[in-house]
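Structure record follows, encoded as structure tokens.
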Amino acid sequence: AVSPFARYMEDHPDAGILFCRLLNSDGSLQPSVNPFLPHPAHMLAETIGWSTLRFALMRSRAAKRLLLGPSVRRHGRPHEPAWGGGNFMLMRRKDFLRIGGFDEQYFLYFEDADLCRRVATSGLRLQYLPGPSVIHHWAKSVPTADVNPLLENYRSRLHYVAKHFGPRWWSVVRRSSILELWLRIGVLRCAMHGRRRESRQAQLHHHLLALKALKDARMPPASPAATV
């Protein structure tokens, strides 16, 4: 799968990162590139549970086709995305080092969007090629790791906003994330019955840890990358 990418990089010196078609374990498409970079406005939508609602709607075949249609069409043709997941990226070592590599303040999540943002700002292109494909076994490593993915998601969310949008948006996103967590905790407590009680207690514990971390969070020092 790598050879076509290597040839493309040789022929296109302005290409900064290449992405390929990702497949799930069953061979179905796994959407991996996005037309827009993460923005605080998107994060505010999580307060009303947009992702949860979208996931629930996709249990209907008709709704799934409607929601995924534009993404499936994008993944069927070469194009320049705004960013793509870090599951598979091809980048020249010299470019990677020149822009500073991955920001190590991210432990999980948003590090790929941050890297893509900096690559594009440096003047290089992001390119998606639909030909070669790679199988990505979704969410298989996190359950085996001693990590709270929910907590790390919120931490990375706040770091990304502080770095690229400044203190005003950081404060807005922090407060909306706290509200989002309270709503999720309320739902979990109402559902603390039946055979899934033990797993929901573990989820509740993770949510409470994330809530405490957000309440204790403080705006980091101003970053030169911050824009409003």
Query - Side chains of Tyr160 and Arg117, donor plus acceptor under 3.5 Å - result: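 Side chains of Tyr160 and Arg117: pair found under 3.5 Å.
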Requested in this report: Go through the side-chain N and O atoms of Asn148 and His205 and say whether any donor and acceptor fall under 3.5 Å apart.
Outcome: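 Note: Asn148 and His205 side chains miss the donor-acceptor criterion.
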Heavy-atom distance under 4.5 Å between the side chains of [X] and [Y], does that happen here?
X      : Y      : answer
His164 : Asp114 : yes
Cys116 : Met89  : yes
Phe165 : Val173 : no
Tyr8   : Gln127 : yes
Arg157 : Met43  : yes
Leu115 : Ile17  : yes
Leu18  : Met9   : yes

Report task. Ignoring hydrogens and angles, tell me if any N or O in the side chain of Ser156 forms a donor-acceptor pair with the backbone of Tyr109 under 3.5 Å. Result ->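 Side chain of Ser156 to backbone of Tyr109, a donor-acceptor pair under 3.5 Å: yes, one is there.
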Report task. Report yes or no: does His42 contribute a side-chain atom to a donor-acceptor pair with the main-chain N or O of Pro38 at less than 3.5 Å? Result ->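 Flag not set: sc His42 to bb Pro38 has no pair under 3.5 Å.
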Query raised in the report: What is the minimum heavy-atom distance between Gly16 and Met91, and which atoms define it?
Result: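 Heavy-atom minimum between the residues: O-CG, 3.1 Å.
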**Report entry** Inter- and intrachain pairs under salt bridge (charged side-chain N to carboxylate O under 4.0 Å, His left out), touching residues 94-109, at least two apart
**Finding:**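 Output for this query lists Arg92-Asp95, Asp95-Arg98, Asp103-Lys163.
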Common cluster, [X]/[Y], ILVMFWY with side-chain heavy-atom separation under 4.5 Å:
X      : Y      : result
Leu214 : Met219 : yes
Leu129 : Val134 : yes
Leu204 : Leu151 : no
Phe96  : Phe5   : no

Query raised in the report: Does a side-chain N-to-carboxylate-O contact under 4.0 Å join Asp11 and Arg7?
Result: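 Looking at Arg7 together with Asp11, the answer is no, because their closest N to O distance does not fall below 4.0 Å.
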Report task. Can you run down the side-chain hydrogen bond (donor to acceptor under 3.5 Å, both in side chains) pairs that involve residues 26-36, sequence neighbours left out, and say none if there aren't any? Result ->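 Non-adjacent pairs meeting side-chain hydrogen bond (donor to acceptor under 3.5 Å, both in side chains): Asn24-Ser28, Asn24-Gln30, Asp26-Ser28, Gln30-His136.
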**Report entry** More than 12 heavy atoms of other groups within 6.0 Å of Arg196 CZ
**Finding:**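 No, not enclosed.
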Query raised in the report: Does a sphere of radius 6.0 Å around CZ in Arg93 hold more than 12 heavy atoms from other residues, nucleotides or ligands, not counting ones at 6.0 Å or beyond?
Result: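 Not buried by this count: 12 neighbours or fewer within 6.0 Å.
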Report task. On the 0 to 90° scale, with breaks at 30° and 60°, tag the His79-Tyr128 ring pair as parallel, tilted or perpendicular. Result ->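 His79 vs Tyr128 ring planes: tilted.
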Requested in this report: Show your reasoning for whether side chain to side chain contact (heavy atoms under 4.5 Å, CB included) applies to Leu150 and Leu181.
Outcome: CA-CA 10 Å; Leu150 184 72; Leu181 275 170; 4.0 Å; yes
